[in-house]
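These values consider heavy atoms only, across backbone and side chains, with no hydrogens, waters or symmetry-generated copies. In what follows, chains are A, B, ... by sequence order, proteins preceding strands, each numbered from 1.
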Amino acid sequence: MKYASVIVDVPTMQTDRTFDYKIPEKWQGMILQGMRVIVPFGQRKLQGFVIEVKEESSFKKLKSIEGLQDLTPSVTPELLQLGSWLTETTLCFNISALQAMLPAAMKAKYDKMITLISEEKRKELEPTLKKYFEKQAEIPWSTFEDDDLLKQIQKEIQKGSLEVVYRVSQKTKQKKKRVVQLAQIQTDRNSPLDLLPSQAKKQKEMAQFAVEHIGSKEMPASDFLSLTNGSESSLKGLIQKGIITEKWVEIYRDPYEGRHFKKSLPLPLTTEQQQSISPILESVENKLHKVFLMYGVTGSGKTEVYLQSIEAVLNKGKEAIVLVPEISLTPQMVNRFKSRFGSMVAVLHSGLSIGEKYDEWRKIQRKEVKLVVGARSAIFAPFENLGMIIIDEEHETSYKQEETPRYHARDVAIKRGDYHNCPVVLGSATPTLESFARAQKGVYTLLTLKERVNNRAMPAVEIIDMREELRNGNRSMFSETLLEALQSRIEKKEQTVLFLNKRGYSSFVMCRDCGYVIQCPHCDISLTYHRFGQQLKCHYCGHEEIMPKVCPECQSEHIRYFGTGTQKVEEELAKVLPEASVIRMDVDTTSKKGSHERLLTKFGEGGADILLGTQMIAKGLDFPKVTLVGVLSADTMLHLPDFRAAEKTFQLLTQVSGRAGRHELPGEVIIQSYTPEHYSIELTKEHHYDEFFRQELAVRKLHEYPPYYYICLLTISHPDVLKVAIVTENISTFLKSNLSQQSIILGPVTSPIPKIKDRYRYQCMIKYKKEKNLHGTLKNILEHYQKDVHQNSLQITIDMNPYVML
DNA sequence: AGCACGCCGACT
DNA sequence: GTCGGCGTGCTC
């Protein structure tokens with residue numbers, strides 16, 4: 001007898017461990033580590049992951065595994081190990097870590113049904129229930145909301161006519177396609193046509209076609225029918241007579257179906273690129289796990305280095321993962337990889353449907369592809385022979401997952417690289433302070449690309465002091481300089497990218513008479529104005545209301561929205577430059593699938609003078625005719641309660657500037673700011689990362705932030721303010737007495753957003769360098785408040801390396 | 001997370 | 001004396 005240790009699909013503390021099950025005789029040897037199974041758990045049936053198959057179990061009253069959900073393990077031994085590592089390091093439940101590594105389609109769906117025990121029992125049912133079970137023998141539990149009905153059902157269950165069953169199913173199934181082929185039994189002597197009666201004219205015709213055009217090959221049934229103009233019933237006849245066989249085969253939903261990718265060849269490398277690639281190749285060759293930080297200015301050809309390193313990896317028969325920030329996973333980017341490596345590439349990003357993601361994942365699992373290009377979660381691609389991991393735009397915050405498990409893809413990449421003895425390449429023009437500091441310390445190997453390919457000059461950056469503009473009487477959102485530059489581009493038929501840094505600066509509604517700002521009734525945050533339907537929306541809880549005509553406080557009619565949205569900019573543009581054609585890209589215009597791409601293509605083809613947008617246009621775009629980039633207000637992000645605000649500002653401005661003058665035409669960048677003297681803005685002028693790094697490092701040291709300290713953020717929330725305050729107070733006291741003297745515990749303080757969804761939020765921050773006891777202490781806290789979490793809807797979230805301080 | 005089990009108040 | 005309320009604890 002063999003036994004399986006299983007982790008069940010219940011994300012709670014008490015069930016965050018394995019449970020043993022017997023493996024039934026029929027599945028001995030079939031059930032392997034890493035497979036998903038269905039197990040009885042209490043009264044229910046649950047999905048679980050087999051962590052281990054073993055010879056004995058110390059538990060007496062074992063139940064048996066009830067079903068298989070996989071025939072090959074979904075989770076490789078490596079990923080299983082990685083799962084427990086994630087559980088440890090991010091303080092999540094083991095099951096959450098495992099779920100995070102698989103496509104959403106594989107998450108179990110649970111149905112609770114009421115079923116008729118047998119046909120005879122149907123007659124015995126109470127008349128009220130009878131009508132429910134007239135046509136079907138099984139009805140979802142949720143149908144019977146009514147208490148009286150439930151009472152009757154309970155009686156029937158006691159009588160033995162009905163029973164409750166729990167069912168586990170998968171969210172998405174494999175997509176199947178029906179194909180037909182000529183049956184095997186046919187011999188050359190016996191033409192299939194002879195088997196048909198003479199009156200079956202249509203069938204004969206179809207069989208003839210099959211003999212001539214299909215043979216032993218397969219053809220989609222739909223094609224066969226349309227080519228022969230045949231009917232379903234004639235096909236059925238042919239199948240019945242054994243002339244044609246049909247079967248269902250799994251097909252992939254291909255998001256890039258019908259797209260043609262022109263094959264691209266390796267480009268000759270510059271000396272710098274050569275110098276960067278050789279240590280990487282060396283590490284591949286010697287199977288050495290090393291982390292490289294490739295610091296290369298925009299346009300220095302990092303991607304070509306990636307492509308050629310990957311080529312070397314693939315030539316060795318190994319696999320590679322390339323992570324790209326979600327936002328820049330544009331068709332342009334995908335094209336570069338698909339053109340070089342063709343069908344060896346799987347692509348994973350949020351634009352795909354659940355089914356499409358599942359299919360891409362299946363291609364990886366079946367080793368039908370050798371390379372994955374994808375966003376954060378692609379780091380869990382189930383390759384077993386990894387030869388390299390690349391993280392492009394290493395500084396991007398989207399690599400950090402902001403829900404449990406709160407992992408950073410960079411950390412996972414390094415962990416996996418260590419396991420596979422392969423290099424990890426982090427690339428960026430503006431590396432995170434953490435990474436650059438590690439590179440300087442020699443923890444990572446620094447590779448520098450200072451020159452742009454073809455020695456194109458960096459665009460000239462001009463910083464405009466908007467306070468000055470105001471003093472000179474210009475109250476519009478465009479400075480004189482920017483306006484003139486815009487006009488000249490339109491005249492020269494060149495293009496402009498206008499960037500609106502919207503984060504932390506959405507349009508709120510305020511009364512001009514009394515200063516009242518409309519806020520969400522559930523969250524301590526002002527509502528955002530959406531012109532669509534004159535609505536006010538809360539971005540945290542989704543609360544919506546209609547824009548009021550008068551101020552709710554003082555009844556004044558002078559209530560209007562403030563702040564600059566893309567729509568507003570578009571309106572302003574229309575006023576000052578009526579002749580300019582504008583493409584606006586924001587959440588409103590890109591919500592539909594494929595619209596993002598369509599707008600970009602249109603702009604690329606010269607369909608507009610100006611591309612106006614938010615964050616989403618900051619990266620990866622490469623249009624030859626763009627010679628001007630304008631940043632409307634550089635400093636909106638600078639004043640957020642976030643120690644990385646300066647870093648993020650510098651990174652963003654540098655990235656945006658990189659959009660200009662990437663080709664023959666020289667580029668110009670105009671940045672408008674109300675605090676132009678701030679180093680994070682001023683230093684973008686000279687593209688001076690090194691100096692920015694030096695200054696910012698000093699600030700971090702002074703304020704005891706990364707990379708000098710690690711940070712851990714605890715957020716506690718509860719509907720009752722008092723409760724949160726007390727709990728948070730207790731937690732910080734506990735932390736202070738349990739952690740070392742060197743660690744700094746800040747708080748309790750109210751969170752930057754003090755209330756979300758009617759829950760008050762407090763937080764507490766730990767800054768530490770070395771803290772052996774941290775995980776143990778945090779676990780103690782979680783255990784201690786377990787009851788409160790369970791019963792009193794207390795919430796404690798722990799983020800071991802926060803990127804968002806809210 | 002569910003669900004059963006078990007111990008107290010408001011009824012037939 | 002029973003029905004049903006919710007707090008408590010378990011699920012291989």
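- Applying a 4.0 Å cut-off to non-hydrogen atoms, the residues of residues 53-62 of chain A that approach DNA chain C are A:F59, A:K61, A:L62, listed by residue number.
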With 3.5 Å as the limit, what N/O pairs link the protein to nucleotides 4-7 of chain B?
none

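- For the side chain to side chain contact (heavy atoms under 4.5 Å, CB included) test, residues two or more places apart in sequence or in another chain that qualify with A:L32 are A:M35, A:P73.
- Shown here are the ring-ring contact (aromatic ring centres under 6.0 Å, His included) partners of A:F93, two or more places apart in sequence or in another chain: there are none.
- For the segment residues 24-40 of chain A, no residue has any heavy atom less than 4.0 angstrom from an atom of DNA chain B.
- Residues that satisfy the side chain to side chain contact (heavy atoms under 4.5 Å, CB included) test with A:P24, not counting sequence neighbours, are A:K26, A:W27, A:S64, A:I65.
- The OH atom of A:Y3 sits 10.0 Å away from atom NZ of A:K54, with the distance rounded to the nearest 0.5 Å.
- Distance A:Y110 OH to B:dG2 P: 9 Å, rounded to the nearest Å.
- Using modelled atom types and a 3.5 Å distance limit, the side chains of A:K767 and A:S743 yield no donor-acceptor pair.
- A:T15 comes within 4.0 angstrom of a nucleotide base, judged by non-hydrogen atoms across all strands.
- Residue A:F41 contributes atom CZ, which lies 9 Å from atom C1' of B:dA1 at whole-angstrom precision.
- Using a cut-off of 4.0 Å between Lys/Arg side-chain N and Asp/Glu carboxylate O, A:E78 and A:R416 are scored as salt-bridged.
- Cation-pi contact between A:R362 and A:Y252: absent, since separation from the ring centre below 6.0 Å together with deviation from the ring axis within 45° is not met.
- For A:T777, the side chain to side chain contact (heavy atoms under 4.5 Å, CB included) criterion is met by A:F734, A:L735, A:N738, A:L739, A:N773, not counting sequence neighbours.
- In summary, contact between chain A and DNA chain C, defined as any nucleotide atom under 4.0 Å from a heavy atom of the protein, begins and ends at C:dG4 to C:dC12 in the 5' to 3' direction.
- Residues passing the side-chain hydrogen bond (donor to acceptor under 3.5 Å, both in side chains) test with A:E163, sequence neighbours excluded: none.
- Figure legend: A:K176 and A:W248 shown without cation-pi pairing, the cationic atom not lying both under 6.0 angstrom from the six-membered ring centre and within 45 degrees of its axis.
- Backbone-only contact: A:K112 has heavy atoms under 4.0 Å from sugar-phosphate atoms and none from a base.
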Side-chain donor-acceptor pairs of residues 408-415 of chain A under 3.5 Å, sequence neighbours excluded:
| residue | atom | partner | partner atom | Å |
| --- | --- | --- | --- | --- |
| A:H408 | ND1 | A:R410 | N | 3.0 |
| A:R410 | NE | A:E394 | OE2 | 3.2 |
| A:R410 | NH2 | A:E394 | OE2 | 3.3 |

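- Qualifying side-chain hydrogen bond (donor to acceptor under 3.5 Å, both in side chains) partners for A:Y132, counting only residues two or more places apart in sequence or in other chains: none.
- Residue pairs satisfying the side chain to side chain donor-acceptor pair (under 3.5 Å) criterion with at least one member in residues 31-44 of chain A, sequence neighbours excluded, are listed as follows: A:R36-A:D70, A:R36-A:S74, A:R36-A:Q170.
- Regarding A:K45, its NZ atom lies at a distance of 13 Å from the C1' atom of B:dG2, rounded to whole Å.
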